[in-house]
Amino acid sequence: MSTTDKYYNQIQIATSYIKNIYDGEIKVALTLGTGLSGIKEDIDLLHTIPYGEIPNFPQSTVEGHEGHLLIGTWHGVNIMVMSGRFHCYEGYTAKEVTFPVRVVQALGIKNLWISNVAGGLKAEYPAGALILIKDHINMMPDHPLTGMNDDRLGLRFPDMKEAYTQSWRDKFKVAAKSIDIPYHEGVYVSLQGPSLETPAEYNMLHIMGADVVGMSTVPEVIVAKHAEIKTLVCSIVSNVCYPPEEISETTLEEVIAVAHKSGDQLKKVWEVLIKEM
Ligand code: HPA
């Protein structure tokens with residue numbers, strides 16, 4: 001069997017497993033970043049599926065990341081929540097990291113909302129700020145679309161002009177303004193990690209035109225674009241990385257604490273958007 005057929009079959013098997021549990025139409029899939037699992041508290045859960053039970057699904061290895069796929073309704077809208085995600089720094093390839101996005105595609109879900117925590121590269125971004133992502137710079141060493149292209153999954157050379165769907169960004173802005181939640185709009189740069197960046201690296205990323213830096217999301221967004229899934233991505237600034245004199249040592253505990261606090265604001269914006277669906 002070719003590598004593409006093998007991967008395609010793995011996606012179909014995982015998808016069938018989920019469809020056997022729930023076969024309704026799901027409008028949005030949400031990916032919850034580090035420390036952001038609180039977002040799921042308001043959801044009326046129908047099914048909680050541990051990642052470990054889904055054939056071919058990777059497993060979370062990181063503190064602050066659960067490993068559950070949740071299906072439920074939020075204000076009457078059917079949603080699926082991926083509570084816990086995968087990163088290349090865990091040793092996964094970019095293809096493995098994005099396997100859940102392929103399952104979203106195979107389930108026929110057309111919208112993917114992603115949250116993450118990230119380092120802030122602009123002087124005006126305090127810890128806790130919400131940054132609506134409008135574009136990215138990919139600096140990861142692995143890419144999810146290398147190898148033979150599977151035409152069943154998407155185009156060989158997917159365009160990336162609008163990887164972050166304009167209509168979702170427009171709606172996010174209106175929603176945030178309607179409930180007075182401040183946000184900025186910015187560019188996300190992805191590095192593999194797991195070490196954080198040095199002050200010189202943060203400075204370089206700032207000069208390069210990035211507004212926040214993180215270790216996730218970009219592979220998922222590339223695959224979503226390949227799969228013609230609409231995306232909405234919001235980062236929460238967990239640590240200030242610019243200007244250099246504002247950088248302090250960062251621990252995972254601090255990152256999670258900030259995420260818990262500001263995750264609530266992001267949840268409120270998502271809630272407005274869900275109510276409009
Ligand atoms: N660098 C990379 N990823 C991150 C950071 C950072 O400073 N903060 C949260 N995720």
Side-chain angles (χ1 to χ4, degrees), residues 30-39 60-66 82-92 94 97-98 113-144 164 183-222 231 233-267:
L30 314 183
T31 301
L32 305 183
T34 307
L36 293 168
S37 53
I39 288 180
S60 300
T61 67
V62 200
E63 194 189 325
H65 276 270
E66 294 184 8
M82 289 174 281
S83 187
R85 65 135 66 85
F86 312 103
H87 309 82
C88 291
Y89 66 72
E90 294 174 83
Y92 290 120
V97 159
T98 52
W113 297 357
I114 296 177
S115 58
N116 61 48
V117 289
L121 298 167
K122 272 194 155 174
E124 60 266 39
Y125 293 175
L130 296 190
I131 316 298
L132 170 62
I133 303 303
K134 63 176 177 184
D135 204 345
H136 73 222
I137 300 172
N138 184 11
M139 290 185 67
M140 283 180 156
D142 193 16
H143 193 288
Y164 299 79
Y183 68 90
H184 303 263
E185 202 173 14
V187 173
Y188 181 99
V189 60
S190 61
L191 274 76
Q192 178 175 257
S195 54
L196 300 191
E197 291 67 37
T198 63
E201 288 167 337
Y202 285 132
N203 197 42
M204 171 193 75
L205 299 170
H206 169 83
I207 292 167
M208 227 163 67
D211 302 312
V212 286
V213 52
M215 305 173 195
S216 68
T217 302
V218 166
E220 286 119 299
V221 168
I222 290 171
T231 59
V233 180
C234 189
S235 296
I236 290 171
V237 173
S238 54
N239 49 308
V240 173
C241 308
Y242 191 87
E245 57 276 16
E246 294 296 325
I247 300 173
S248 56
E249 279 190 24
T250 304
T251 63
L252 179 61
E253 290 68 31
E254 284 163 0
V255 168
I256 293 175
V258 175
H260 275 311
K261 249 195 190 158
S262 296
D264 205 47
Q265 300 222 308
L266 175 57
K267 178 164 90 175

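In listed order, ligands and their atoms are each counted from 1.
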Residue from N138, I133, T98 passing side chain to side chain contact (heavy atoms under 4.5 Å, CB included) with V218: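 Of N138, I133, T98, side chain to side chain contact (heavy atoms under 4.5 Å, CB included) with V218 is met by N138 alone.
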H206 side chain vs L121 backbone, donor-acceptor pair below 3.5 Å: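 Yes, the answer is positive, given that a donor and an acceptor are paired below the 3.5 Å cut-off.
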For ligand 1, the residues whose heavy atoms come within less than 4.0 Å (ordered by chain, then number):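 Ligand 1 is contacted, at a heavy-atom distance under 4.0 Å, by V117, A118, G119, L196, E197, Y202, V213, G214, M215, S238, N239, C241.
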Student check: side-chain heavy atoms of Q192 and M139 closer than 4.5 Å: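 Contact flag for Q192/M139 side chains = no.
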Side chains of V213 and Y202 in contact at under 4.5 Å (non-hydrogen atoms):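 When only atoms from C-beta onward are counted, Y202 and V213 do touch, with a gap below 4.5 Å.
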Distance (rounded to the nearest 0.5 Å) between I256 CD1 and T251 OG1: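 The CD1 atom of I256 sits 8.5 Å away from the OG1 atom of T251.
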Heavy atoms from other residues, nucleotides or ligands near CD of E249 exceed 12 (cutoff 6.0 Å):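 It does not: E249 CD has 12 such atoms or fewer within range.
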